[in-house]
Amino acid sequence: MSVVVMQKEQLRSVIEAAIRAAQRSGELELSTVPEIGLEAPRDAGHGDFASNIALVAAKMARKPSREVAQIIVDHLTLGEFIQDVEVAGPGFINFFLSKQWLNDTVRIIDQQGESYGDSQLGSDQKILLEFVSANPVGPMNVVNARAAAVGDTLARLFRAVGYTVGTEFYVNDAGNQADVFARSLEARFQQLSDPDYPFPEDGYPAAYVGDLALRLKETHPELAEMSLEDRLAFCKRWGTDQMVEMQRNDLRNYGVEFDLWFRERDLHAAGALEKSIANLKKRGMIFEAEDALWFRSTEFDDDKDRVLVKSDGSYTYVTADIAYHQDKLQRGYTKLINIWGPDHHGYIGRMQAAIQALGYSKDTLEVLILQYVALMRHGQQVKMSKRAGEFITMQDLVEEVGKDAARFFFLNRSPESHLDFDLDLAVQQSNENPVFYVQYAHARISSILRQGQEMGVFLPRADQVDLDLLVHESEVALMKQLATLPDEIVAAALQREPHRITRYALDLASLFHSFYTHCHILGEKEELRNARLVLAASVRTVLRKVLGLLGVDAPEQM
RNA sequence: GCGCCUGUAGCUCAGGGGAUAGAGCAUCGGACUUCUAAUCCGAGUGCCGCAGGUUCGAUUCCUGCCAGGCGCACCA
């Protein structure tokens, strides 16, 4: 349990005791004791924690809220940990605590290191997080990059709160687009020996297909002798494999590695689609109409029923997806989370219908929809056109601004917000660039510790220093921020809001920079110096922790 | 027409049933003989899109409307 939660629990029991005492004395008439709300006020002048209990209880008590607050305060038994209490505003009760809990926080960080903030809340869940899943027919785009950052950090957050997590990239290597891609590659291959060989009308004109054809010619010249059918099949398999490798490599450079790259073609080969259909049929969810086989998804609130087998006998995309999700569940996952782009939101209904049709509850599948990314350069939106080949890929972006800036910028916005990505800002090495701001705080602390060592001053353990010496406003604010990390991690994980962590990192860095300006460390007398060294070190530990969650490097110097 | 997301300071965005609505940037003014000035300190800025409703209290929740972005295939 986090120190913050412990403080709240303690305060809650103190408040509850006061209410009961007031009830016994007849000053407060309440049929039940309402939920006692406690929060850390934004304004430090409002204490460490504030309760709105008097405002909530005022109506039931038939007394003005300020009066209720005063009655509760009069019956409070102040232990050692509460230094002061006040009634404020419309009836808030503000608690000012002794800073023991903040000292405890620093000691805990020293003990736990970068596992500080981890918990075991989610130990009973086994989550499968699927994200990116870009088609293996070309380079990834910037929404894929956003999805990769969000998905990867969510996975790290889930692990931090104790979930068992598997991350997967679903490779759609058996569908229509893979066929179009195979035909494009085959045509480019043939054109190397016969320039007049026709290129498919709907083919991919981009240059990378031609490059790929060149490599194909070098490594597999025997292809020229095969039948068209065999050649296409080879192009499909070999070509998508090449694309997968490229994507895997791009993602690795971006700090994202998946536990599993799941191939759609494996589902087909294993007969999984037929099995899923049979399963649905058994449950009475299938009907035939217009020469096609349909899934009665309207049974589960979908807008319309969906075709699984087209009139030409081929499968639709949903069919493979149903089989894939069934496979996930059969592997023992209790919660499936997919991160999709905004163009797929209309797809949620049919997949949740499928999950229910297979006998699972609707919320077994949770879909997070990301919104679009607009790249901004010189204050103007960068226009992209696939057709004209003007297209900034994920790799282009990472090469231009670096992994750290790209990830941080994507994670610095709530996932459902439309994102303006300022390319000029992302490459700036200045205070305007938030990722540098945070990294600089880490480098500064590292530098202090380094210089300390050079002059023979070593970092003491937290329990060897007098943390009560840390009383400066900026020190106390810093310690409070450190104390909130465990709760922030839990909130970010449970609410799927990784941007809470970038925010936290920025706030922590800001508080550190302020502390740094106001409080010197190495030049101070030994006792104070040591206490501040421990504080600075704990800030560094926490910065490492949060940057690690974000997948951003924590440089020792800049 | 139906659905999803968004609408908060000049700009980019947080926040969220409660106490004077926040941050960064931009603007203006300060701070380096001292551990990295890639920093800090200070100043101004708001019909929280509009209109109703619920509530002791709404910028936050609900409904309707307006505006912007994006979807609505026997494509993926």
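Being a predicted model, the structure only gives us computed values, none of them experimental. FYI, side chains are in, hydrogens and waters are out, and symmetry mates aren't considered; it's all heavy atoms of this structure. Every chain is numbered from 1, with letters handed out A, B, ... down the list of sequences.
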(message) Looking at A:Asp424 and A:Arg377, is any side-chain nitrogen of the basic one under 4.0 Å from a carboxylate oxygen of the acidic one?
(response) no
(request) Would you please enumerate the stems RNA chain B participates in, each stem being three or more consecutive Watson-Crick or G-U wobble pairs with both distances under 3.5 Å? (result) B:1-7 with B:66-72, B:10-13 with B:22-25, B:27-31 with B:39-43, B:49-53 with B:61-65
(message) Regarding A:Ala292, tell me which of base, sugar-phosphate or nothing describes its non-hydrogen contacts under 4.0 Å with the strands shown.
(response) base
(message) Tell me whether the ring of A:His518 lies stacked over the B:C40 base, given a 5.5 Å limit on centroids and a 30° limit on the plane angle.
(response) no
(message) Work out how far the P atom of B:A21 is from that of B:G53, and round it to whole angstrom.
(response) 24 Å
(message) Closest-nucleotide mapping onto RNA chain B: is A:Tyr315 or A:His46 further toward the 5' terminus? I mean the 5' end.
(response) A:His46
(request) Round to the nearest Å and state the distance from A:Tyr347 atom OH to B:C74 atom P. (result) 11 Å
(request) Can you sort out which residues in residues 505-516 of chain A have a heavy atom within less than 4.0 Å of RNA chain B? Ascending by number, please. (result) A:His513, A:Ser514, A:Tyr516
(message) Using atom P in both nucleotides, what's the gap between B:A9 and B:C70 to the nearest angstrom?
(response) 23 Å
(message) Looking only at the side chain of A:Ala88 (C-beta and beyond, no hydrogens), which of the listed nucleotides B:C40, B:A19, B:C74 gets closest?
(response) B:A19
(message) I'd like the C1' distance from B:U33 over to B:A19, given in whole Å.
(response) 46 Å
(message) Can you check the distance between B:A31 and B:A14, where both ends of the measurement are the P atom (answer in whole Å)?
(response) 36 Å
(request) Send over the distance from A:Met455 CE to B:U34 P, rounded to a whole Å. (result) 15 Å
(message) Any salt bridge linking A:Glu29 with A:Lys63? Criterion: basic side-chain nitrogen under 4.0 Å from a carboxylate oxygen.
(response) no
(request) Side chain of A:Tyr437 only, please: which of B:U39, B:G18, B:C35 is the nearest? (result) B:U39
(message) I want to verify a distance call: between B:C74, B:C41, B:A19, whose nearest atom is closest to the A:Trp294 side chain?
(response) B:C74
(request) Look only at the side chain of A:Gln439 and the backbone of A:Leu547, and say whether a donor-acceptor pair between them is shorter than 3.5 Å. (result) no
(request) Ignoring backbone atoms, establish whether A:Arg444 has a side-chain N or O less than 4.0 Å from OP1 or OP2 of B:A37. (result) yes
(request) Determine the Euclidean distance between corresponding P atoms of B:G10 and B:C4; express it in Å to zero decimal places. (result) 31 Å
(message) At 4.0 Å (heavy atoms only), tell me whether A:Ala50 reaches a base, stays on the sugar-phosphate, or touches nothing.
(response) base
(message) Strictly below 4.0 Å: does A:Ser417 bring a side-chain N or O up to OP1 or OP2 of B:A14?
(response) yes
(message) Within the structure provided, determine whether A:Arg265 and A:Thr240 are in side-chain contact (heavy-atom separation under 4.5 Å).
(response) yes
(request) Provide the distance between the two C1' atoms, one in B:G29 and one in B:G44, to the nearest whole Å. (result) 12 Å
(message) What contact category does A:Arg500 fall into here, base, sugar-phosphate, or nothing, at under 4.0 angstrom with non-hydrogen atoms?
(response) sugar-phosphate
(request) Pick the P atom in B:C5 and in B:A51, then give their distance to the nearest Å. (result) 24 Å
(request) Among the candidates B:C35, B:G3, B:A19, find the nucleotide nearest to the side-chain atoms of A:Ile521. (result) B:C35
(message) Is the terminal nitrogen or CZ of A:Arg444 (NZ for Lys, CZ for Arg) located under 6.0 angstrom from the six-membered ring centre of A:Tyr516 and within 45° of that ring's axis?
(response) yes
(message) Regarding A:Asp303, tell me which of base, sugar-phosphate or nothing describes its non-hydrogen contacts under 4.0 Å with the strands shown.
(response) nothing
(request) Identify whether any heavy atom of A:Ser414 sits under 4.0 Å from a base atom; if not, whether one sits that close to sugar-phosphate; answer base, sugar-phosphate or nothing. (result) sugar-phosphate
(request) Pull up the glycosidic torsion of B:C13 and say syn or anti, syn being anything within 90° of 0. (result) anti
(request) Show the numbers, then the answer: is there a ring-ring contact (aromatic ring centres under 6.0 Å, His included) between A:Phe169 and A:Phe131? (result) CA-CA 6 Å; A:Phe169 186 122; A:Phe131 55 104; 8.4 Å; no
(message) Less than 4.0 angstrom between a side-chain N/O of A:Lys304 and OP1 or OP2 of B:C72, yes or no?
(response) no
(message) Between A:Phe421 and A:Phe410, is the ring centroid distance below 6.0 Å?
(response) yes
(message) I'd like to know if the side chain of A:Thr298 and the backbone of A:Lys304 have a donor-acceptor N/O pair within less than 3.5 Å.
(response) no
(request) Could you state the atom-to-atom distance from CG of A:Leu370 to P of B:C70 in whole Å? (result) 16 Å
(request) Look at A:Arg183 together with A:Glu186 and state whether they make a salt bridge at an N to O cut-off of under 4.0 Å. (result) no
(message) Expressed as a whole number of angstroms, how long is the span from A:Glu488:CD to B:G15:P?
(response) 10 Å
(message) With a 4.5 Å cut-off on side-chain heavy atoms, are A:Asn530 and A:Leu528 touching?
(response) no
(request) Answer yes or no: is there an ion pair linking A:Glu130 with A:Lys328, defined by an N-O contact shorter than 4.0 Å? (result) yes
(message) Between A:Gly523 and A:Pro90, which residue's closest nucleotide on RNA chain B lies nearer the 5′ terminus?
(response) A:Pro90
(message) Starting the side chain at C-beta, find the nucleotide from B:G69, B:A23, B:C56 nearest to A:His418.
(response) B:G69
(request) Could you state the atom-to-atom distance from CG of A:Asp424 to P of B:U12 in whole Å? (result) 15 Å
(message) Tell me if the centroids of the rings in A:Tyr347 and A:Tyr317 come within less than 6.0 Å of each other.
(response) yes
(request) Could you tell me the separation between the NZ atom of A:Lys59 and the P atom of B:G57, rounded to a whole number of Å? (result) 9 Å
(message) Regarding A:Asp173, tell me which of base, sugar-phosphate or nothing describes its non-hydrogen contacts under 4.0 Å with the strands shown.
(response) nothing
(message) Starting the side chain at C-beta, find the nucleotide from B:A23, B:A19, B:C74 nearest to A:Arg503.
(response) B:A23
(request) May I ask you to say what A:Leu419 touches in the nucleic acid, namely base, sugar-phosphate or nothing, with a heavy-atom cut-off under 4.0 Å? (result) sugar-phosphate
(message) Check this one for me: any side-chain N or O of A:His499 less than 4.0 Å away from OP1 or OP2 of B:G15?
(response) yes
(request) May I ask you to say what A:Asn52 touches in the nucleic acid, namely base, sugar-phosphate or nothing, with a heavy-atom cut-off under 4.0 Å? (result) base
(message) Nearest to the side chain of A:Thr517, heavy atoms from C-beta on, is which of B:U55, B:C35, B:U39?
(response) B:U39
(request) Look at the aromatic rings of A:Phe287 and A:Trp294 and report parallel, tilted or perpendicular, splitting at 30° and 60°. (result) parallel
(request) Under 4.0 Å between any heavy atoms, over every strand shown, what does A:Val56 touch: base, sugar-phosphate, or nothing? Just pick one. (result) base
(message) Tell me whether A:Tyr372 and B:G69 count as stacked here, given that the ring centres must be under 5.5 Å apart and the planes must differ by less than 30 degrees.
(response) no
(request) Just call it for A:Ala443: base, sugar-phosphate, or nothing, with non-hydrogen atoms closer than 4.0 Å on any strand. (result) base
(request) Between B:C4, B:C41, B:C74, spot the one nearest the side chain of A:His345, thanks. (result) B:C4
(message) Considering every strand and a 4.0 Å limit on heavy-atom distances, what is the contact class for A:Gln439: base, sugar-phosphate, or nothing?
(response) nothing
(message) Can you confirm whether more than 12 heavy atoms, excluding those of A:Glu86, are under 6.0 Å from its CD atom?
(response) yes
(request) Could you please name the option among B:C75, B:C35, B:U12 that lies closest to any side-chain atom of A:Arg413? (result) B:U12
(message) Taking the P atom in each of B:U59 and B:U20, what is the distance between them to the nearest angstrom?
(response) 13 Å
(message) Applying a 4.0 Å non-hydrogen cut-off, can you work out what A:Ser311 is touching in the nucleic acid: base, sugar-phosphate, or nothing?
(response) base
(request) Could you check whether A:Gln428 gets within reach of a base, just the sugar-phosphate, or nothing at all, counting any heavy atom under 4.0 Å? (result) nothing
